[in-house]
Amino acid sequence: MSGDDVNPAAVPQPVEDVQGDGRWLSQVWRELFSPLHALNFGIGGDTTCNVLWRLQNGELENIRPKVVVLWVGTNNYEHTAEQVAGGILAIAELLTTRLPKAKIVVLGLLPRGERPNPLREKNAAVNAHLRSWLPRLSQAQLLDVSREFVHSDGTISTQDMFDFLHLTSAGYDSVAKPLSDLLLQILEETPEERRASLV
């Protein structure tokens with residue numbers, strides 16, 4: 001996008017949690033993420049605009065996480081891939097500014113739809129943009145597990161996504177295990193880092 005264009009996917013906008021279905025508060029969350037003292041600020045239906053609004057309106061107050069996991073963008077279906085990736089990058093930039101000591105893990109967008117389709121192609125393009133753009137931020141990295149969901153014939157199984165968009169328990173396992181492994185790796189401190197944090 002040119003420097004003069006306003007990215008509609010990077011305009012802060014509030015959202016209300018109407019789903020409240022607790023998908024992340026599952027066995028996977030309790031087993032892998034609760035022991036890390038993790039907090040989940042996600043709201044079903046979030047767009048990049050909603051996350052930006054919350055971050056600019058107090059959600060980062062009084063917290064100092066070591067790692068922030070950012071997973072947003074699939075609900076920005078009305079925006080272009082470049083706009084969605086730009087919105088995600090805007091959030092990552094805000095996080096690195098407000099939380100300069102935190103590492104940022106951006107989860108790539110998952111494929112959607114039973115068979116290849118334009119929205120799946122767009123999500124893949126968002127991930128490609130993120131792969132290219134995120135290295136600008138030394139604190140941020142991309143974790144893309146999208147390949148785990150597409151079979152050799154191009155289909156997605158209902159065992160992973162019951163409606164070819166929302167994850168099943170098995171689908172959450174496919175995302176959560178590599179994420180947990182990465183978080184544990186990031187959180188491993190050297191003795192020098194541990195001593196420095198005590199000062």
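The distance from the CD1 atom of I104 to the CG atom of L142 is 13.0 Å, given to the nearest 0.5 Å. Note: S174 OG to L179 CG = 12.5 Å, rounded to the nearest 0.5 Å. In this structure, the separation between CD on E114 and CZ on R120 is 9.0 Å, given to the nearest 0.5 Å. N76 CG to I88 CD1: the interatomic distance, rounded to the nearest 0.5 Å, is 7.0 Å. With rounding to the nearest 0.5 angstrom, the CG atom of D163 is 10.0 Å from the OG1 atom of T168.
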**Report entry** Stepwise side chain to side chain contact (heavy atoms under 4.5 Å, CB included) test for I156 and L110
**Finding:** CA-CA 11 Å; I156 292 175; L110 296 180; over 6 Å; no
Query raised in the report: What do the steps show when you test F149 against V175 for side chain to side chain contact (heavy atoms under 4.5 Å, CB included), and what is the final call?
Result: CA-CA 10 Å; F149 292 90; V175 174; 3.8 Å; yes
Query raised in the report: Between Q141 and I186, does a side chain to side chain contact (heavy atoms under 4.5 Å, CB included) hold up when you go through it step by step?
Result: CA-CA 11 Å; Q141 63 183 295; I186 291 170; 3.6 Å; yes
Query - Derivation of the side chain to side chain contact (heavy atoms under 4.5 Å, CB included) call for W53 and E59 - result: CA-CA 9 Å; W53 186 89; E59 198 159 71; over 6 Å; no
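Shown here is K103, whose NZ atom has no more than 12 heavy atoms of other residues, nucleotides or ligands within 6.0 Å. Counting non-hydrogen atoms of other residues, nucleotides and ligands closer than 6.0 Å to CD of Q159 gives a total of 12 or fewer. Open room surrounds NE2 on H37; 12 or fewer heavy atoms of other groups in view lie less than 6.0 Å from it. With a 6.0 Å radius and a threshold of 12 heavy atoms from other residues, nucleotides or ligands, D153 has its CG atom above the threshold. R115 CZ: 12 or fewer foreign heavy atoms inside a 6.0 Å radius.
At a threshold of 4.5 Å between side-chain heavy atoms, the hydrophobic network of Ile, Leu, Val, Met, Phe, Trp and Tyr places L137 and L55 in one connected group. Hydrophobic clustering of Ile, Leu, Val, Met, Phe, Trp and Tyr side chains at less than 4.5 Å, counting indirect connections, unites I91 with L94. Clustering ILVMFWY residues whenever any of their side-chain heavy atoms sit less than 4.5 angstrom apart, transitively, puts Y77 in a cluster other than the one holding L107. Hydrophobic clustering (ILVMFWY, side-chain heavy atoms < 4.5 Å, transitive): L119 and V126 are in distinct clusters. Taking hydrophobic clusters as Ile, Leu, Val, Met, Phe, Trp and Tyr residues chained together by side-chain heavy-atom distances below 4.5 Å, L165 does not share a cluster with V84.
The salt bridge (charged side-chain N to carboxylate O under 4.0 Å, His left out) check on D173 picks up nothing, with sequence neighbours excluded.
A parallel orientation is assigned to the rings of H166 and F162, their planes being inclined by less than 30° (bins at 30° and 60°).
The closest donor-acceptor contact from the side chain of R112 to the backbone of N123 lies at 3.5 Å or more, if one exists at all. Listed for the D46 side chain is no donor-acceptor partner under 3.5 Å among the backbone atoms of N75. Within the 3.5 Å criterion, the main-chain N or O of Q83 finds a donor-acceptor partner in the side chain of N7. In this structure, the side chain of R136 does not engage the main chain of L89 through any donor-acceptor pair within 3.5 Å.
Inter-residue side-chain proximity for S146 and N127 is flagged as met; some heavy-atom pair is nearer than 4.5 Å. Residues N117 and F164 fail the side-chain proximity criterion, which asks for heavy atoms closer than 4.5 Å. A 4.5 Å side-chain heavy-atom check between I43 and N50 finds every atom pair outside the cut-off.
Contact between R30 and P35 at its shortest, heavy atoms only, is O-CD, 3.4 Å. Nearest heavy atoms, V72 versus T48: CG2-N, 3.7 Å. Taking each heavy atom of S180 and L32 in turn, the nearest pair found is OG-CD2, 3.9 Å. Closest approach of S157 to H151, counting heavy atoms only: CB-NE2, 3.4 Å. Nearest heavy-atom pair across L187 and L36 is CD1-CD2, 4.1 Å. Residue K122 comes nearest to E78 through the heavy atom pair NZ-N, 4.1 Å, listed as atom of the first residue, atom of the second, then distance.
Under the side chain to side chain contact (heavy atoms under 4.5 Å, CB included) rule, V69 has a single partner from L183, V106, N40, which is L183.
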